[in-house]
There are 2 protein chains.
Amino acid sequence: MKIVNEQIAIDGIDKIILRQLMDDARKPILEIARQVGISGAAIHQRLRKLEKSGLISGSKFIVDPKILGYNTMAFVGIYLDRAMSNPKAVKQLEEIPEVLECHYTTGNWSIFIKILCKNNEHLMHLLNKKIQAIEGVSRTETFISLNQQIERQIQI
Amino acid sequence: MKIVNEQIAIDGIDKIILRQLMDDARKPILEIARQVGISGAAIHQRLRKLEKSGLISGSKFIVDPKILGYNTMAFVGIYLDRAMSNPKAVKQLEEIPEVLECHYTTGNWSIFIKILCKNNEHLMHLLNKKIQAIEGVSRTETFISLNQQIERQIQI
DNA sequence: GATGAAATCATTTACGA
DNA sequence: TCGTAAATGATTTCATC
C-alpha cells in the first residue's frame, strides 16, 4: 500500500468505490465492478485495503427520526463548574439517549451537545430534568434547529 | 401495516433487525434471521415494510476523516444581514465541501454550521476566504471541538 | 405474517498473469 | 494490482400456510 504524507494513496477507482458505498452501503460490489470496468475480486481487494487503512470505519443503516416523531433538534452549550470533571459529565450524558453528539469545545461552554427530541415539551423536560440534573452543570444555553439544510460526510 | 399515533408500529423483531443494520449495514439478512429465529424471507419482508414506511432512509459507508488528515472540527455561528436571504447563503455554503451540517436556528445566529478541516490554518482560510466571502455574512463566531465524545443516531 | 424451495446473484478464496 | 474460476453463501420471489 502506498503511503503519501502519512496518508493512504487512494486513486480514482477507490474514490468511485467509496462514493458509491458512502451513498448506499448495500450496493452490490459486482454492480460497482461492472460500472468501473474491473472484476469484482479486484474491488473486493481494494475494499480490504481501504478497511485495513482505517479509512472505512464501518457502515450504517440510516433511520429517519421524524418517522418516530422526533421533530425538534437542538444544540445546548453547557457551563460546568470548575470542580466538575468533564468525563464524569460525559458519562451521564451518554445515559441520555436523546443526546446524539457531545463535544468538548473551546470558548465559553465546557461541553456542547446536539440533542433530538419529539417536541418542545420533550426538549424542556430534557433540559430541566435530565441535563440540569447532572452534577456540575451550572447553566445551559439552548438554540433550536428550525431546519437542517445540509447533512453530509467529508467529500472523497 | 399497523399505524399507531401516525407512526408505524415496530415490534421487538423489527427493533433487533434495525439495531443490527444500524450498526453494520452489510450484515447478511440471513445471519440476522438465524439470530432472531425466523426465516430470511420474513426478515426481508419486514425490511421492505420498514423501507416503505420511510423509517429506513438509506445506508452509508462511514469514512474516518482523520485518515484523510481532517483533524479539526469546528462550529460556526453566522450572522446574516437582514437583507440577505437565508436560502441564497445556504446555496453558497453547499459549495464548500468542508461544511458538513447547516442549520437555520433560533437565537442570535441566523445560520449555524459544522465544518471539518485539516488544521487551524485550513480553518482560518475557510473562515476568512470562504465563509466571510459569502454575500450577506456580517460576522461569525467560531468554536472548535477539541474532542468528540458521543456520536450516534437516535436509539431504536 | 411466516415459511421453504428455487432461481438468481454476490462474496470470497486461491492461483496465475 | 488485476483476472478467472469455483465454492460457498445471500437475496429475492412465489406459492402456500
Side-chain angles (χ1 to χ4, degrees), chain A residues 1-64 67-69 153 155-156, chain B residues 1-64 67-69 153 155-156:
Chain A
M1 194 186 316
K2 280 181 231 158
I3 305 281
V4 177
N5 281 338
E6 307 197 17
Q7 293 176 206
I8 3 144
I10 58 174
D11 65 11
I13 293 178
D14 290 329
K15 283 187 189 175
I16 296 175
I17 299 169
L18 281 171
R19 286 196 193 120
Q20 303 242 12
L21 290 172
M22 285 170 76
D23 185 58
D24 175 5
R26 283 188 87 93
K27 175 166 283 186
I29 288 176
L30 277 178
E31 204 177 314
I32 302 173
R34 284 187 288 269
Q35 240 175 86
V36 306
I38 65 176
S39 74
I43 304 267
H44 188 248
Q45 249 178 340
R46 281 165 177 269
L47 273 173
R48 287 182 50 76
K49 175 196 74 177
L50 291 168
E51 269 162 22
K52 242 178 59 186
S53 79
L55 179 54
I56 295 174
S57 69
S59 65
K60 299 207 175 311
F61 257 57
I62 309 298
V63 305
D64 182 353
I67 305 293
L68 297 175
Q153 288 191 70
Q155 260 117 311
I156 304 291
Chain B
M1 195 184 318
K2 280 181 230 157
I3 305 281
V4 178
N5 279 339
E6 306 200 18
Q7 295 176 202
I8 1 144
I10 57 175
D11 66 10
I13 293 179
D14 289 329
K15 282 186 191 176
I16 296 175
I17 299 169
L18 280 171
R19 286 195 194 121
Q20 302 242 12
L21 291 172
M22 284 170 77
D23 185 59
D24 175 5
R26 285 189 85 91
K27 177 167 282 186
I29 288 175
L30 277 179
E31 203 178 313
I32 301 173
R34 284 187 289 269
Q35 238 176 90
V36 305
I38 64 176
S39 72
I43 304 265
H44 189 248
Q45 247 178 342
R46 281 165 177 268
L47 273 173
R48 287 181 51 75
K49 175 196 75 178
L50 292 169
E51 270 162 21
K52 242 178 61 188
S53 79
L55 180 54
I56 294 175
S57 69
S59 65
K60 299 208 175 310
F61 258 57
I62 308 298
V63 305
D64 182 351
I67 304 291
L68 297 174
Q153 288 191 69
Q155 260 116 309
I156 304 291

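Keep in mind it's a predicted model, so treat the numbers as computed, not measured. Lettering of chains follows the sequences in order, A, B, ..., and the numbering in each one begins at 1. Keep in mind that the numbers below use all heavy atoms, side chains included, and drop hydrogens, waters and symmetry copies.
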* Asked: Just how far, in rounded Å, is C1' of dT12(C) from CD of E51(A)?
  -> 13 Å
* Would R46(B) and D11(B) satisfy side-chain contact (heavy atoms from CB on, under 4.5 Å), going step by step from the backbone distance to the final call? -> CA-CA 10 Å; R46(B) 281 165 177 268; D11(B) 66 10; 2.8 Å; yes
* To the side chain of I29(A), which of dT11(C), dG3(D), dT3(C) is closest? -> dT11(C)
* Please report the C-alpha distance between Q35(B) and I43(B) in whole Å, then the side-chain angles of each, then the deciding distance to 0.1 Å, and finally whether the side-chain contact (heavy atoms from CB on, under 4.5 Å) criterion is met. => CA-CA 11 Å; Q35(B) 238 176 90; I43(B) 304 265; over 6 Å; no
* Structure fact -> Side-chain atoms of I38(B) come closest, of dA10(C), dT3(C), dT11(D), to dT3(C)
* Asked: With a 4.0 Å cut-off on heavy atoms, is R48(A) in touch with a base, just the backbone sugar-phosphate, or nothing at all?
  -> nothing
* To do: Name the nucleic acid region contacted by A41(B), choosing base, sugar-phosphate or nothing; use a 4.0 angstrom heavy-atom cut-off, strictly under.
  => base
* Asked: How is Q45(B) classified with respect to the nucleic acid when contacts are heavy atoms under 4.0 Å: base, sugar-phosphate, or nothing?
  -> base
* Would you say R26(B) reaches dT11(C)'s phosphate, i.e. side-chain N/O to OP1/OP2 under 4.0 Å? -> yes
* To do: Nearest whole angstrom, please: distance from the C1' of dT13(D) to the CD1 of I43(B).
  => 17 Å
* To do: Please state whether the phosphate of dT11(D), meaning OP1 or OP2, lies under 4.0 angstrom from any side-chain nitrogen or oxygen of H44(B).
  => no
* Residues E31(B) and Q20(B): side-chain donor-acceptor under 3.5 angstrom -> no
* Quickly, which of I13(A), I38(A), I17(A) forms a side-chain contact (heavy atoms from CB on, under 4.5 Å) with I32(A)? Name it, please. => I17(A)
* State which residue, out of R48(B), R19(B), K49(B), fulfils the salt bridge (charged side-chain N to carboxylate O under 4.0 Å, His left out) condition with D14(B). => K49(B)
* Would you mind classifying the nucleic acid contact of L30(B) as base, sugar-phosphate or nothing, using non-hydrogen atoms under 4.0 angstrom? => base
* Provide, to the nearest angstrom, the distance between the CG atom belonging to D24(B) and the P atom belonging to dT11(C). => 13 Å
* To do: Output the single nucleotide from dA2(C), dA10(C), dT12(C) whose closest atom is nearest the side chain of R46(B).
  => dA2(C)
* Asked: To the nearest Å, how far apart are K49(B) NZ and dA2(C) C1'?
  -> 13 Å
* Structure fact -> Here the distance between atom P of dT12(D) and atom CD1 of I32(B), to the nearest Å, is 12 Å
* **Spacing of R34(B) atom CZ relative to dT3(C) atom P, expressed in whole Å** => 14 Å
* To do: Return the value, rounded to whole Å, for the distance between atom CD1 of I10(A) and atom C1' of dT1(D).
  => 17 Å
